[in-house]
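Single-structure report; data block below.
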Amino acid sequence: MGLRSDSVNKGAARAPHRSLFKAMGFIDEEFNRPLIGIAAAKSEIVPGHLHLDTLARAAADGVRLAGGVPVIFPVIGVCDGIAMGHVGMRYSLPTRELIADSLECMVMAHGFDAVIFIPNCDKIVPGMLMAAARLNLPSVFVSGGPMLAGRRDGKTLTLTTMFEAVGAVGAGTMTEAELYELEEAACPGCGSCSGMFTANSMNCVTEALGMALPGNGTIPAVMGERLRLAKRSGVLALEVLKKDIRPSAILTEQAFLNALALDMALGCSTNTALHLPAIAHEAGIKLDLDLLNRVSAVTPNLCRLAPAGNDAIEDLEQAGGIPAVLRELSRKSLIDGSSLTVYGTLEDSYRDAVNRNPQVIRPIDDPYSATGGLAALRGNLAPLGCVVKRSAVAPSMLKHEGPARVFDSEEAAFEAIMGGRIRAGDVIVIRYEGPRGGPGMKEMLQPTAALAGMGLDDRVALITDGRFSGATKGAAIGHVSPEAAEGGVIALLREGDSISIDIEGRAIEVRLTEADLEKRRQDWKPLPPKVSGGYLARYARQVSSAAQGAIVENEAEIPR
């Protein structure tokens, strides 16, 4: 069987094509070797992607060592931290679909035989995984790796520190001079932000899915070991091609169960509840919030990394990384080590792993909690479900009831928080920020971090049809479905309504009867669309509920 690249560079009819390759410096000998695409999301606007050109070159070196011809091409990416708190955040989640679609276009148009994907940050990792599943060509992932944590006066600093510090300045407990000192130290260099935020969550989960070599999620960006990992991934791409190992053989239902188990043990970002279903959808597998709860119910939470605790990703790497966590999970048969990966079986990654720091990775018999780091809640306020990072919630807020403080945008809620208009016991409701209503399902890190900075994160809950950064902590409940723009119950709430939250009981309710809600439905009128043109307007018409992973389909097929 020939190579896919034969269709672009073999035979007399392809002489024009070869002339174009030769314009880029290709020589005849290269037309007889596999053409390996290297999709690298290098840019100078995302700290996690600043160095991806060096990793792409290392991966290319590995490809050449193994007898292939590497071709590097670019991929877009939004920095969620820089996009936070303004119109830019509307564009973050929608880029996931653009990334998947553009990769499909690039790979199919140019006849690559295999693909090395080099992502790092929030939407880029799932967008590339969605593309890999859709294309179903031999593929290997190698991420850019995590940023080192900031250090100041013996304290560990992360991006969360900065957003919470803004709240502290607003509360008068920190000066702007002290804020500047933190600003200088919190993010010391390239890499994905140093806590168990969305980017690192997804890069760790990629290991459990079997699409990357061990170390993908935890080796720091600045280490020579990260370059060696990229080079080995380049060599591996040729092996995967030779053996014809495709994502369809790796991204099985069991692989997603393994990923969910790791997710629960690590206490990953709530955004994984959006991204894993979307990746599974591309692989032809249904993954929903009920499955998330079933896995959470039997999987202990073993790690409390920032923002849930003080440990950074570099601490997890030094403790043994993802292999050590998988080894702990295997002791209770919570993962299937026989699952296929790009390098063998999943068990090959953890068979000899050692937990070098039980304070960072709790032993399976001594977990932080008997259940996982994420939880899906249901009730009359969220009939299709909503999600909370349970491991980052103060024990006092696992069960809470309070009056609703209702806002129709993130900006309005943030202004109220910074203006001192939120009181202990309140339940902040931010609506019309869902996939359709936002549009784009903005992250709410500014409001949650401001609450933490003011010392209110263990006394105030926040619910939204939008979503949260992985850097969020507190009783922050997102992805409320159906969303307000679809007429969900969250759209019917009024100031002062009593909202009951029971995270351990997986329940969320507004203390209204069905008759009360029906009367309000008759009076409800949706807000006018916030965006009327461009990509976001098209996205809003085509995107599904957060309960389905905010996937984009043909308009006639959208599940509502």
Check your understanding: If you round to the nearest 0.5 Å, how far is CG of Leu302 from CG of Leu329?
Key -> 5.5 Å
Check your understanding: Do the non-hydrogen side-chain atoms of Ile118 and Ser143 ever get within less than 4.5 Å of each other?
Key -> no
**Study point:** Within-4.5 Å side-chain heavy-atom neighbours: Ile322 and Leu266
**Key:** yes
Exercise for review: Supply the atom-to-atom distance Glu178 CD to Thr173 OG1, rounded to the nearest 0.5 angstrom.
Suggested key: 8.5 Å
**Study point:** Where Leu316 and Cys303 come nearest, the two heavy atoms and their spacing
**Key:** CD1-SG, 4.4 Å
Show me the side-chain donor-acceptor pairs of residues 456-465 shorter than 3.5 Å, one per line, residues at least two apart or across chains.
unit_1 : atom_1 : unit_2 : atom_2 : d
Arg459 : NH2    : Gly455 : O      : 3.0
Thr464 : OG1    : Ile430 : O      : 2.8
Thr464 : OG1    : Gly466 : N      : 2.8
Asp465 : OD1    : Tyr432 : N      : 3.4
Asp465 : OD1    : Glu433 : N      : 3.0
Asp465 : OD1    : Gly434 : N      : 3.4
Asp465 : OD2    : Tyr432 : N      : 3.2
Asp465 : OD2    : Ala484 : N      : 2.9

Check your understanding: So with a 6.0 Å cut-off around CG of Asp365, is the heavy-atom count from everything else above 12?
Key -> yes
Check your understanding: So, does Arg226 use its side chain to make a donor-acceptor pair with the main chain of Ile219 at under 3.5 Å?
Key -> yes
Check your understanding: Side chains of Met202 and Asp263: closer than 4.5 Å at any heavy-atom pair?
Key -> no
**Study point:** Distance-only side-chain donor-acceptor flag, Thr472 / Thr448, under 3.5 Å
**Key:** yes
Review point. Does any non-hydrogen side-chain atom of Cys187 lie less than 4.5 Å from one of Leu159?
Key: yes
Revision key, fill the gap. In terms of heavy-atom contacts, Ala450 and Ile417 come closest through CB-CG2, 3.8 Å
Point to revise | Contact check, side chains of Ile490 and Leu381, non-hydrogen atoms, under 4.5 Å | key: yes
Point to revise | Ile45 CD1: over 12 foreign heavy atoms closer than 6.0 Å | key: no
**Study point:** Inter-residue atom distance Leu251.CG - Leu129.CG, 0.5 Å rounding
**Key:** 7.0 Å
Practice item. Show your working on side chain to side chain contact (heavy atoms under 4.5 Å, CB included) between Ser369 and Arg362 and close with a plain yes or no. Key: CA-CA 10 Å; Ser369 68; Arg362 286 283 187 92; over 6 Å; no
Review point. How far apart are the closest heavy atoms of Phe117 and Ala132, and which atoms are they?
Key: CE1-CB, 3.8 Å
Exercise for review: Check Ala208 against Leu262 and note the closest heavy-atom contact, atom names and distance.
Suggested key: CB-CD2, 3.7 Å
**Study point:** Side chain Glu207, main chain Gly217, donor-acceptor under 3.5 Å
**Key:** yes
Check your understanding: Taking 4.0 angstrom as the limit, do Arg431 and Glu410 come out as a salt bridge?
Key -> no
Review point. If we ignore angles and hydrogens, is there a donor and acceptor under 3.5 Å between the side chains of Lys123 and Ser92?
Key: yes
Point to revise | Check: Gly145 main-chain N/O paired with Asn120 side-chain donor or acceptor under 3.5 Å | key: yes
**Study point:** Backbone of Arg423 reached by a side-chain donor or acceptor of Asp426 within 3.5 Å
**Key:** yes
Exercise for review: Say whether, by atom type as modelled, one donor and one acceptor occur between the side chain of Arg390 and the main chain of Leu374 under 3.5 angstrom.
Suggested key: no
Review point. Salt bridge or not for Glu253 and Lys286, using N-O below 4.0 Å?
Key: no
**Study point:** Side chains of Lys442 and Glu411 in contact at under 4.5 Å (non-hydrogen atoms)
**Key:** yes
Review point. When you measure from the centre of the six-membered ring of Tyr350, is the NZ or CZ of Arg327 under 6.0 Å away and within 45° of the axis?
Key: no
Point to revise | Interatomic distance, Ile82 atom CD1 to Met89 atom CE [nearest 0.5 angstrom] | key: 10.5 Å
Revision key, fill the gap. Rounding to 0.5 Å, atoms CG (Leu334) and CD1 (Ile364) come to a distance of 5.5 Å
Point to revise | Stepwise side chain to side chain donor-acceptor pair (under 3.5 Å) check, Lys389 with Thr270 | key: CA-CA 6 Å; Lys389 188 169 184 174; Thr270 52; over 6 Å; no
Point to revise | Arg378 side chain to Leu384 backbone, donor-acceptor under 3.5 Å | key: yes
Study note, to complete from the structure: Closest non-hydrogen atoms of Leu346 and Asp336, given as atom of the first, atom of the second and distance, are CD2-O, 4.1 Å
Exercise for review: Evaluate the criterion salt bridge (Lys or Arg N to Asp or Glu O under 4.0 Å) for residue pair Arg356 and Glu317; output intermediate values, then yes/no.
Suggested key: CA-CA 10 Å; Arg356 298 187 181 91; Glu317 165 65 12; over 6 Å; no
Study note, to complete from the structure: Closest non-hydrogen contact found for Asp315 with Arg151 is OD1-NH2, 4.4 Å
Review point. With the threshold set at 4.0 Å, does a side-chain nitrogen-carboxylate oxygen contact exist between Asp122 and Arg96?
Key: no
Review point. Which is it for Leu93 and Leu274 under the side chain to side chain contact (heavy atoms under 4.5 Å, CB included) test, yes or no, and what are the steps along the way?
Key: CA-CA 10 Å; Leu93 181 60; Leu274 277 179; 4.2 Å; yes
Review point. Are the charged groups of Glu181 and Arg152 less than 4.0 angstrom apart, N to O?
Key: yes
**Study point:** Under 3.5 Å: donor-acceptor pair, side chain of Asn200, backbone of Cys193
**Key:** yes
Review point. So, Asn271 and Glu443: side-chain donor and acceptor under 3.5 Å apart, yes or no?
Key: yes
**Study point:** Stepwise side chain to side chain contact (heavy atoms under 4.5 Å, CB included) test for Glu314 and Met147
**Key:** CA-CA 8 Å; Glu314 65 200 74; Met147 183 186 294; over 6 Å; no
Practice item. With the side chain counted from C-beta on, respond yes when Arg304 and Ser391 share a heavy-atom pair under 4.5 Å apart, and no when they do not. Key: yes
**Study point:** side chain to side chain contact (heavy atoms under 4.5 Å, CB included) assessment of Glu164 paired with Lys473
**Key:** CA-CA 10 Å; Glu164 291 180 359; Lys473 67 178 181 180; 2.9 Å; yes
Review point. Counting distance only, does the side-chain N/O of Asn310 pair as donor-acceptor with the main-chain N or O of Leu305 below 3.5 Å?
Key: no
Practice item. Find the distance between CD (Gln548) and CG (Leu287) and round it off to the nearest 0.5 Å. Key: 12.0 Å
Check your understanding: Would you call Leu377 and Cys386 a side-chain contact if the rule is heavy atoms closer than 4.5 Å?
Key -> yes
**Study point:** Under 3.5 Å donor-acceptor, His49 side chain and Cys121 backbone
**Key:** yes
Check your understanding: Checking Thr206 side chain against Met211 main chain: does a donor-acceptor pair fall under 3.5 Å?
Key -> no
